[in-house]
Amino acid sequence: MFNRMFKTPTSLRTKLSLLAAGLIVSLTAAAIPPAGSGQSQTYTYYSDATRTVVVGGWSYGSCGEPFDWGDHTRYFTIRTVNCGSNPQP
């Protein structure tokens, strides 16, 4: 069964590409810092390296409703928000 899966070079190339893509997604997800108890992470995305024009935002955690809007770019800042001892569900 294993030998049949990898008989053709195209099949092997495709499977290796999918494996590489999966690893990249896994590593990216691991880079997202978790929000602690009573905290939220808020990302603000900018149009370029000058960080003057906001083009999107994303928030997750315990301090209010999560949101995700606009564009996600490689230019961003992360802010940790503490909401005290009474986090919202």
Side-chain angles (χ1 to χ4, degrees):
M1 177 74 157
F2 184 75
N3 287 337
R4 276 192 350 202
M5 288 174 55
F6 294 104
K7 262 190 172 176
T8 63
T10 304
S11 175
L12 178 59
R13 193 175 315 128
T14 301
K15 288 177 182 3
L16 289 175
S17 295
L18 290 172
L19 176 64
L23 288 172
I24 290 170
V25 169
S26 296
L27 292 174
T28 302
I32 298 172
S37 179
Q39 290 184 331
S40 288
Q41 297 289 339
T42 301
Y43 286 67
T44 304
Y45 295 94
Y46 301 91
S47 61
D48 58 30
T50 63
R51 290 179 169 79
T52 54
V53 178
V54 175
V55 295
W58 176 42
S59 178
Y60 62 92
S62 302
C63 303
E65 294 294 321
F67 61 85
D68 188 0
W69 64 274
D71 294 326
H72 292 200
T73 67
R74 64 183 180 167
Y75 308 106
F76 61 91
T77 57
I78 304 172
R79 187 177 67 148
T80 300
V81 177
N82 295 308
C83 53
S85 60
N86 190 15
Q88 298 178 6

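For the single chain, residues carry numbers from 1 onward in sequence order. No experiment lies behind these values; they were computed from the predicted model shown.
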Checklist entry - According to a 4.5 Å side-chain heavy-atom criterion applied to Ile, Leu, Val, Met, Phe, Trp and Tyr, with indirect links allowed, do V55 and I78 form part of one hydrophobic cluster? => result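 V55 clusters together with I78.
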
Checklist entry - Do you reckon V53 sits in the same ILVMFWY cluster as F76, going by side-chain contacts under 4.5 Å, direct or chained? => result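 Yes.
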
Checklist entry - Would you find a donor on one side and an acceptor on the other, under 3.5 Å apart, between the side chain of S40 and the backbone of S62? => result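 Side chain of S40 to backbone of S62: a pair is present.
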
Checklist entry - Can you tell me how far OH of Y75 sits from OH of Y45, rounded to the nearest 0.5 angstrom? => result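 Here the rounded value is 14.0 Å.
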
Checklist entry - Which value, rounded to the nearest 0.5 Å, describes the distance between T42 atom OG1 and Y60 atom OH? => result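 Reported value, rounded in 0.5 Å steps: 9.0 Å.
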
Item to check | Worked check of side-chain contact (heavy atoms from CB on, under 4.5 Å) between Y46 and T77 | outcome: CA-CA 8 Å; Y46 301 91; T77 57; 3.6 Å; yes

Which residues pass the side-chain hydrogen bond (donor to acceptor under 3.5 Å, both in side chains) test with [X], not counting sequence neighbours?
| X | answer |
| --- | --- |
| T80 | Q41 |
| T52 | T50 |
| N82 | Q39 |

